[in-house]
Every structure is written in C-alpha cells, then in structure tokens.
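It should be emphasised that the depicted structure is a prediction, and the values quoted were computed from it without experimental measurement.
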Amino acid sequence: MRPVILALTAAKGGVGRSLLAANLAVVLAAKGHPTALLDLAPACQGTLDLYLGLLPERSWADLLPVITELEPRHLDLTLARYNEPPLALLATPPEVRAALMFPERGLEPLFRALSQHYAAVVVDLPLMSSRLTYHVLRWATVPIVVVTPDLPAMRNTKRWLQTLNKQQPWPWQVVVNQYARRAPMTLREIKTYLKASPDAVLPYDAVAAWQTVGLGRPFVLRRRRGLAGAVRRWAQQVLAGVESKNREAKRA
Ligand SMILES: Nc1ncnc2c1ncn2[C@@H]1O[C@H](COP(=O)(O)OP(=O)(O)O)[C@@H](O)[C@H]1O
Ligand SMILES: [Mg+2]
C-alpha cells in the first residue's frame, strides 16, 4: 500500500521545518503507524539526526550506487533507528560536497521501497525554490508549507504558492510557526496577506524548541501544553483529513 507522505517545505530557511518534521514523525510513530523520516536537505545541511539525538552511520549518499534498483534491504542497512517510539531516519550525508542533492530519479524507487514497511513517511524538504522539492511534492499526500509571521517569510511564501499553484492546485497545509502575541504580523494580517486561513498556528515556544534543537529530544510527547499540544492537535487534524479523503476515494 502507498504510505501517507507528509512533506514539509518553506520559502525561507529557519522557519521550523525540521523541528516540526521530527516531532510530527514522533506523533505518527507513537500512534502506532510504522513511520520513516527522510532528511532530504542537501549534503551537510541536514539537522534531523541532531534533533533526534542520533549518530547515523549511513545516509542517503550510501544509497546512490543502487538508487534505481533500491530494495527494502538497502533501506534496512541505511536507516538509523530512534527507539521511543520506534522511528526510522534516512539522514543527510555529513560530507561537504557542493550541491550534492538526493537525485530526482531516486524518488520513485525510494518511495516504492519504503512502501513495503512504512505506513507513514515524513519528508523534510529543501526550500520551495529547489527542483527536488517540486518533484517530491508530486508524491506528497499532504504538502506542508511552514511560514513564520514576518514579512520576508510571508512574501516569499506567497510568491511560491502562487507560482506552484499555477501549475496545479496542491492540497497545501499552511502552517504559521513561531506565532506570538507580539509577532510582527497579526493573524488577521497574515490571512489577508496570504489570502488564505492557515491550517495551523503554532506558538513560539523557546523551551520546547530547545529540547529538540539543543538536547536532541523531540518535545512532542514530553510536554502537554504550548508547542507540544499544538503540534499534537495539528497532527491529529492532518491524519483525520487524510482518512476522510481515503474514505471518499473508496466510495467513489
Ligand atoms: N515554535 C517555535 N518556537 C521557538 N523556536 C522555534 C520554533 N520553531 C522553530 N524554532 C527555532 O527556529 C530554529 C530553526 O528551526 P529549524 O526547524 O531548524 O528550521 P528549518 O528546518 O526550517 O531551517 C531553531 O533554532 C528552532 O529552535
Ligand atoms: Mg531544516
């Protein structure tokens, strides 16, 4: 069966894609979905190993020699394991090689091999301007764009959403992250500016973020309120949306 693929991108760096990808994957895994987390950041730019407190021995670079005939056993040898809850990470390569990206021709074999063992795949993508992102979005069950409540992030997001939606209407989830009462833009201004209501508004929460970014521990199951509670509610909402779409598709 084809796994549910949640793919997170952004129009600007540092908005919280990786932090949210790691914690979203933990929520899905804790609900009992066999889950894989893919760090498709360019070589030497990935952070998901840090955010899960792992020291992966292998990365997607190790798959490149077999990329067109990828099998589940190749993934078994390459994925790093997070234990509580069980979650598999495909890490980015640590070696500094300019512009080394996961190859587009590897996507179909990768998702096919993942579908043997995983019901949910969370993908941490490069920026919306990247060709790789565009190609992964075509596989995504739920494409997610993360934006912070400031004009540079909003303006770039609005431009990229307009550009991509001209090609086809993507079922975007628009997530405003790091929202605080004193944010540079109010929620009303954000709605007017993006001409859309955000699907989730996640609070600025330095303590929760630090647990993941500073200590390598996803915060989502350890804390009740703040960002953790908001991410759990949002994850629930995303899953409910996917399930209702699946039911509709079955009926049709
Ligand atoms: N909701 C939040 N509250 C506080 N800090 C956050 C929040 N989301 C992200 N951050 C911080 O923003 C920084 C960038 O996050 P990261 O997930 O690495 O961004 P990206 O992957 O989009 O480049 C990190 O230092 C993280 O702690
Ligand atoms: Mg990142």
Side-chain angles (χ1 to χ4, degrees), residues 3-31 33-42 45-54 56 59-60 79-82 84-92 101-102 107 110-111 114 118-128 130 132-133 136-137 139-148 153 157 172-178 198-200 202 205 208-223 227-228 230-239 242:
V4 171
I5 301 174
L6 310 183
L8 293 90
T9 183
K12 176 181 167 294
V15 297
R17 263 167 310 168
S18 304
L19 184 82
L20 297 178
N23 282 284
L24 195 54
V26 165
V27 177
L28 300 182
K31 282 184 176 295
H33 303 286
T35 303
L37 178 57
L38 314 183
D39 195 337
L40 295 191
Q45 289 181 30
T47 54
L48 288 179
D49 53 339
L50 285 177
Y51 292 3
L52 294 178
L54 294 175
S59 73
W60 51 249
L79 296 168
R81 311 282 160 180
Y82 182 78
E84 289 171 33
L87 172 67
L89 171 70
L90 183 60
T92 43
M101 299 286 277
F102 186 88
L107 290 173
L110 175 63
F111 288 125
L114 285 166
Y118 298 96
V121 179
V122 178
V123 194
D124 187 8
L125 286 171
L127 296 180
M128 290 165 109
S130 149
L132 178 63
T133 294
V136 177
L137 288 177
W139 287 89
T141 321
V142 185
I144 299 166
V145 59
V146 183
V147 59
T148 46
T157 304
W172 288 108
Q173 278 268 316
V174 178
V175 175
V176 177
N177 185 31
Q178 303 186 26
D199 296 277
L202 307 176
D205 185 341
W210 174 252
Q211 286 205 344
T212 300
V213 169
L215 304 176
R217 290 190 207 135
F219 55 76
V220 75
L221 303 180
R222 292 167 194 259
R223 300 173 63 82
L227 186 55
V231 170
R232 281 201 300 272
R233 284 192 295 278
W234 168 52
Q236 190 65 47
Q237 182 191 311
V238 171
L239 285 180
V242 171

### Task
Please list, chain by chain and in numerical order, all residues satisfying ring-ring contact (aromatic ring centres under 6.0 Å, His included) with Trp139, sequence neighbours excluded.
Phe111
### Task
Report the residues that fulfil ring-ring contact (aromatic ring centres under 6.0 Å, His included) with Tyr118, sequence neighbours left out, ordered by chain and then residue number.
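For Tyr118, no residue satisfies ring-ring contact (aromatic ring centres under 6.0 Å, His included) once neighbours in sequence are set aside.
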Rounded to the nearest 0.5 Å, how far does [atom2] of [Y] lie from [atom1] of [X]?
X: Leu87; Y: His33; atom1: CG; atom2: NE2; answer: 13.0 Å
X: Leu40; Y: Leu48; atom1: CG; atom2: CG; answer: 9.5 Å
X: Phe102; Y: Leu107; atom1: CZ; atom2: CG; answer: 5.5 Å
X: Leu239; Y: Trp234; atom1: CG; atom2: CH2; answer: 10.5 Å
X: Lys12; Y: Met128; atom1: NZ; atom2: CE; answer: 14.0 Å
X: Ser18; Y: Leu125; atom1: OG; atom2: CG; answer: 10.0 Å

Does the [X] side chain pair with the main chain of [Y], one donor and one acceptor, at a distance under 3.5 Å?
X: Asp124; Y: Leu37; result: no
X: Gln237; Y: Asp199; result: yes
X: Asp39; Y: Thr47; result: yes
X: Asp49; Y: Pro56; result: no
X: Asn177; Y: Val146; result: no
X: Thr133; Y: Leu127; result: yes

How close do [X] and [Y] get, heavy atom to heavy atom, and via which atoms?
X: Val238; Y: Gln173; answer: CG2-OE1, 3.6 Å
X: Leu221; Y: Arg232; answer: CA-NH1, 4.4 Å
X: Leu52; Y: Pro218; answer: CD2-CG, 3.5 Å
X: Ala88; Y: Arg81; answer: CB-NH1, 3.9 Å
X: Met101; Y: Ser130; answer: CE-OG, 3.6 Å
X: Phe219; Y: Ala208; answer: CD2-O, 3.3 Å

Non-hydrogen side-chain atoms of [X] and [Y] separated by less than 4.5 Å:
X: Trp172; Y: Ile144; answer: no
X: Leu227; Y: Asn23; answer: no
X: Leu38; Y: Leu110; answer: yes

### Message
Could you walk me through whether Tyr82 and Leu89 satisfy the side chain to side chain contact (heavy atoms under 4.5 Å, CB included) test, starting with their C-alpha distance in whole Å, then the side-chain angles of each, then the deciding distance to 0.1 Å, before giving a yes or no?
### Response
CA-CA 7 Å; Tyr82 182 78; Leu89 171 70; over 6 Å; no
Per-pair distances, 0.1 Å, donor-acceptor, side chain in residues 24-31, under 3.5 Å, sequence neighbours excluded:
from: Lys31; atom 1: NZ; to: Gln236; atom 2: OE1; distance (Å): 2.8

